[in-house]
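From a predicted model like this one, the values you see are computed outputs, not experimental measurements.
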Amino acid sequence: MGEGSSGPGPAGPGKRKAVCLSQRPGGGGPIGEDHGKGGPRGNDGAKRVKGRKRQVVVDTGGRMLRAYVHPANEHDKWGGKAVLEGMDLGLWPRVKKVYGDWGYRGLRGFLEALGLELEVVAHPYAGVRGVWVREGEEVPELPRVEGFKPLPKRWVVERTFAWLGRNRRLSKDYEQHPSVSEAWLYLGMLRLLVKRLARAA
């Protein structure tokens, strides 16, 4: 976990800030409303998502640093690479570690080339479909978590998506072009930060 701040507040002096990288299905409107929309779209059969996905990088307080929107048929790994390639890391010199879910495990080498460390936050059984045992041996029981259990760090970026989803324009993917969807994500975060500053003034 390194020295990244674990709470919602900003990291203190001398601490290395960490960022969370995640994706969320951008989706479309209710059934039938996606028909005829322009712009690139796709279908992720594994996640049962049609339309687009949203990739965001946030700090440990959930404030969005960068966003990228792409068709749903592109793998999360390539979306994560695209969102990180466009970042000017000189603006965030204290960022040393990236937390991501299981879909971003293939980015380890790419992040190391940028001088960043990747920590995959996932359940211990993630990616395990079965085990081989010798004949006559008992099959070990795979650890499973019953019900919903939030994982460390992952809830930070999910909370950011919840904040952004309160904006009507971001509740569904209404836009024709991904660049417009990205602009609305930035505007939604800007609105949230301005409201916080106004309350603190």
Side-chain angles (χ1 to χ4, degrees), residues 7-10 17-88 91-92 95 98-104 107 121 148 150-151 153-201:
K17 289 180 81 174
V19 297
C20 300
L21 174 67
S22 182
Q23 66 86 30
R24 170 183 179 268
I31 296 172
E33 285 192 10
D34 242 4
H35 179 69
K37 286 188 176 179
R41 294 177 182 276
N43 182 26
D44 184 348
K47 294 187 177 179
R48 299 177 183 176
V49 175
K50 291 182 180 179
R52 298 186 182 123
K53 292 180 184 175
R54 300 169 180 171
Q55 307 277 348
V56 297
V57 180
V58 303
D59 65 9
T60 51
R63 293 167 289 270
M64 191 173 70
L65 306 181
R66 192 158 194 280
Y68 176 67
V69 179
H70 61 92
N73 60 334
E74 291 181 13
H75 193 274
D76 298 342
K77 171 183 166 183
W78 304 117
K81 184 177 180 182
V83 74
L84 288 166
E85 274 181 332
M87 288 185 68
D88 182 3
L91 297 175
W92 300 283
V95 172
V98 174
Y99 296 94
D101 63 19
W102 185 251
Y104 302 105
L107 290 177
V121 182
F148 173 74
L151 293 170
K153 301 293 181 185
R154 288 269 292 273
W155 62 269
V156 176
V157 73
E158 298 301 337
R159 182 183 60 180
T160 300
F161 281 126
W163 289 339
L164 293 171
R166 292 176 184 171
N167 297 279
R168 185 177 61 178
R169 194 74 180 241
L170 294 173
S171 63
K172 295 179 180 66
D173 187 14
Y174 293 109
E175 315 308 326
Q176 289 199 18
H177 300 288
S179 58
V180 179
S181 296
E182 291 171 19
W184 279 108
L185 287 171
Y186 289 119
L187 285 170
M189 181 54 60
L190 183 62
R191 175 178 177 267
L192 176 68
L193 295 177
V194 169
K195 285 178 68 175
R196 289 182 180 179
L197 288 172
R199 283 198 301 263

query: What are the two closest heavy atoms between M189 and L164, and how far apart are they?
result: N-CD2, 3.6 Å

message: Minimum heavy-atom separation for R191 and N167, please, with both atom names.
response: NH1-OD1, 3.1 Å

- request: Heavy atoms only: give me the nearest D59-L65 pair and the separation to one decimal.
  value: N-CG, 4.1 Å

- request: For the pair R66 (side chain) and V57 (backbone), establish whether a donor and an acceptor sit closer than 3.5 Å, ignoring hydrogens and angles.
  value: no

task: Using atom types as modelled and distance alone, determine if a side-chain donor or acceptor of Y99 lies under 3.5 Å from a backbone N or O of T60.
output: no

query: Would R196 count as a cation-pi partner of W163, with NZ or CZ less than 6.0 Å from the six-membered ring centre and within 45° of the ring normal?
result: yes

query: Under 3.5 Å, side chain of E182 to main-chain N/O of V69, donor-acceptor pair present?
result: yes

message: Show the nearest heavy-atom pair for residues M64 and L185, with the distance to one decimal.
response: CE-O, 3.4 Å

- request: Return the minimal non-hydrogen interatomic distance between W92 and M87, and the atom names on each side.
  value: CZ3-CE, 3.4 Å

task: Could you grab the distance from atom CD of Q55 to atom NE2 of H70, nearest 0.5 Å is fine?
output: 3.5 Å

message: Just verifying a value: how many Å separate T160 OG1 and R63 CZ, rounded to the nearest 0.5 Å?
response: 9.0 Å

task: For the pair R169 (side chain) and S181 (backbone), establish whether a donor and an acceptor sit closer than 3.5 Å, ignoring hydrogens and angles.
output: no

- prompt: Atom CH2 of W184 and atom CG of L190: how far apart are they, to the nearest 0.5 Å?
  reply: 11.5 Å

task: Looking only at non-hydrogen atoms, find the nearest pair between D173 and R52 and report the distance.
output: OD2-NH1, 3.0 Å

message: With a 3.5 Å distance limit and no angle check, can you tell me whether H75 reaches the backbone of K77 through a side-chain donor-acceptor pair?
response: yes

- prompt: With no hydrogens and no angle check, is any side-chain donor or acceptor of R154 less than 3.5 Å from a backbone partner on D101?
  reply: no

